[in-house]
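Okay, structure first, notes after.
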Protein chains: 2
Amino acid sequence: MSAIETPTGDELLKILTALGNPHRMRIVAALAQGRNYVSRLAREIGVSRPLLHMHLQRLEAAGLVVGSLELSDSGKAMKFFELAPFAYALTPQVVAEAAGTLTDQDENEKQNEKQDETRHRKARTQ
Amino acid sequence: MSAIETPTGDELLKILTALGNPHRMRIVAALAQGRNYVSRLAREIGVSRPLLHMHLQRLEAAGLVVGSLELSDSGKAMKFFELAPFAYALTPQVVAEAAGTLTDQDENEKQNEKQDETRHRKARTQ
DNA sequence: CTTGGGTGTAAGAAGAATCTGACATGTGGC
DNA sequence: GCCACATGTCAGATTCTTCTTACACCCAAG
């Protein structure tokens, strides 16, 4: 069985913006019928390959699909994508809880934190 | 108990794009603690009132919140918003099924034609 | 070595979403 | 009248997302 995941605010945000797009919804629908590689998928759903590439990246960044570069028997590199078995509940409580852990806003100094700590070390006595 | 709703493609798309925004997630979180009126909510979550107005419209259009214009005992008009008790499941199957009913593209001009526009510009020859 | 099919990515145009700063309206109280 | 506080809306600037059009590379078959 599949447990219902409880994502953090940023994760949920990425998931929602990833799925909140007609093309990407269709991509998910297409992959629900089985894995596929990029060029073929692009032909099947009538989308340019670079565009599909962008959408797949967005879906993969949200953890909704997984891609793997494989070598076909004839030696060609082909990138296959398949669905990740995600399961999220969309309720006010889930959204409210996730909103509490949103790291957005002007908290741009997100990764500057760790640097600030280390730069406080020993004085430059040389 | 709350049954899990199965939206159409367009509905799900509106829901996802409505929730896929940090501000609107925080608005949902704020309303999860009780109903509130616009100006006060704007002050509490630190957002300009016109901006909050826009976000609330988006949430209401998606059916996630409901607003009602009420008259306070002192006669002032105040628009209260509260959460709608939504509950959606976010799984590949749900998305795939919804994607099939996407009325996407600009096939919006289906029955948008209702009446003949006043294209009779009379020649004002006096 | 050219063609066909696979991969990735970057630049810039086009479009949509977001946000601010006015403006307009109504009410009650001083 | 003026102020405080509520409502709504609009124009424009800004920013983000989406999409096209190129370019790069690799491998195999003709």
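Quantities reported herein were computed from a predicted structural model and do not represent experimental measurements.
Listed here is the closest heavy atom pair of B:L13 and A:G20: CD1-C, 3.5 Å. When every heavy atom of B:K14 is checked against every heavy atom of B:A62, the shortest pair comes out as O-CB, 3.8 Å.
Listed by chain and number, the residues in a side-chain hydrogen bond (donor to acceptor under 3.5 Å, both in side chains) with B:E70 are B:R35, B:S68 (sequence neighbours excluded). Looking at residues two or more places apart in sequence or on another chain, you find a side-chain hydrogen bond (donor to acceptor under 3.5 Å, both in side chains) between B:T91 and B:Q93. Judged as a salt bridge (Lys or Arg N to Asp or Glu O under 4.0 Å), and not counting sequence neighbours, A:R49 has no contacts. Partners of B:F80 according to the ring pair (Phe, Tyr, Trp, His ring centres under 6.0 Å) rule, which considers only residues two or more places apart in sequence or in another chain, are B:Y37.
B:L64 is listed as a side-chain neighbour of B:L19, based on a closest heavy-atom distance under 4.5 Å.
Taking side-chain N and O atoms only, A:N21 has a distance below 4.0 Å to OP1 or OP2 of D:dT18. Close to D:dC19, at under 4.0 Å from its OP1 or OP2, lies no side-chain N or O of A:S48.
Rounded to an integer number of Å, the gap from A:L56 CG to D:dT18 C1' is 15 Å. Nucleotide D:dC16 holds its C1' atom 13 Å from the CG atom of A:L13, rounded to whole Å.
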Taking only nitrogen or oxygen atoms into account, show me every contact under 3.5 Å that the protein makes with nucleotides 6-14 of chain D, one pair per line with its distance.
residue	atom	partner	partner atom	Å
D:dA6	OP1	B:Y37	OH	2.7
D:dA6	OP1	B:R43	NH2	3.2
D:dA6	OP2	B:R43	NH1	2.6
D:dT7	OP1	B:V38	N	3.2
D:dT7	OP1	B:K79	N	3.3
D:dT7	OP2	B:S39	N	3.0
D:dT7	OP2	B:S39	OG	2.1
D:dT7	O4	B:R49	NH2	2.7
D:dG8	N7	B:R49	NH1	2.9
D:dG8	N7	B:R49	NH2	3.3
D:dG8	O6	B:R49	NH2	2.9

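Here the range on DNA chain C touched by chain A, meaning any atom under 4.0 Å from one of its heavy atoms, is C:dG6 to C:dT9.
Remark: A:E97 CD is loosely packed, at most 12 non-hydrogen atoms of other residues, nucleotides or ligands lying under 6.0 Å away.
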